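Just so you know, residue 1 is the first one in the sequence shown, and it goes up from there. The shown structure was predicted, so the numbers you read here are calculated from the model rather than taken from an experiment.
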Amino acid sequence: MTVELTFLTRSDCHLCAQAREDVAAAVGERDVVIAEIDIDADEELRDKYDWDVPVVLLNGRQHSFHRVDRGRLAQALDALLARRT
């Protein structure tokens, strides 16, 4: 099982810029596929997450929004990676 991290963002978002750094630090060298999506390019995503960006989804399930806790995200990734063996 591959862990898929989807990072929902938008341009000119200061919280998104900080969250991008936090996501990168939490992922580190872990075997994680990252997709970054600008919600303003997708009407459905914009309608759903407009006021919540940045949003982190792990395997399609919402993990965090507004701010990313590096430690909490790293623990969640480790737990998901441990399940795939």
For this session: Please list, chain by chain and in numerical order, all residues satisfying side-chain contact (heavy atoms from CB on, under 4.5 Å) with Asp69, sequence neighbours excluded.
Result: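 side-chain contact (heavy atoms from CB on, under 4.5 Å) check on Asp69 returns Arg72.
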
For this session: Could I get the full list of side-chain contact (heavy atoms from CB on, under 4.5 Å) partners for Arg67, not counting sequence neighbours?
Result: Leu15

Exercise. Which hydrophobic side chains are connected to Tyr49, either touching it within the sub-4.5 Å cutoff or through other members that do?
Worked result: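 Listed partners: Leu8, Ile37, Ile39, Leu45, Val53, Val55, Leu57, Phe65.
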
Exercise. Is a side-chain N or O of Arg46 found less than 3.5 angstrom from the main chain of Asp40, in a donor-acceptor match?
Worked result: yes

How close do [X] and [Y] get, heavy atom to heavy atom, and via which atoms?
X     : Y     : answer
Phe7  : Pro54 : CE1-CB, 3.6 Å
Arg30 : Leu81 : CB-CD1, 3.8 Å
Leu77 : Ala26 : CD1-O, 4.0 Å

Exercise. Do Asp22 and Leu73 come within less than 4.5 Å of each other through their side chains, counting heavy atoms only?
Worked result: no

Exercise. Less than 4.5 Å apart, any side-chain heavy atom of Arg10 and any of Asp50?
Worked result: yes

Salt bridge (charged side-chain N to carboxylate O under 4.0 Å, His left out) partners for [X], two or more places apart:
X     : answer
Asp38 : none
Asp42 : none
Glu4  : none

Exercise. When Val3 is tested against each of Asp31, Val32, Val33 for side-chain contact (heavy atoms from CB on, under 4.5 Å), which residue passes?
Worked result: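 The option that passes is Val32.
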
For this session: Starting from the C-alpha separation in whole Å, work towards a yes-or-no answer on side chain to side chain contact (heavy atoms under 4.5 Å, CB included) for Leu58 and Val56.
Result: CA-CA 7 Å; Leu58 296 180; Val56 173; 4.3 Å; yes

Problem set entry | CG-CD distance between Leu5 and Glu36, expressed to the nearest 0.5 angstrom |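 Interatomic distance, Leu5 CG to Glu36 CD, rounded to 0.5 Å: 10.0 Å.
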
Exercise. When rounded to the nearest 0.5 angstrom, what is the spacing between SG in Cys16 and CD in Glu21?
Worked result: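 The SG atom of Cys16 sits 12.0 Å away from the CD atom of Glu21.
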
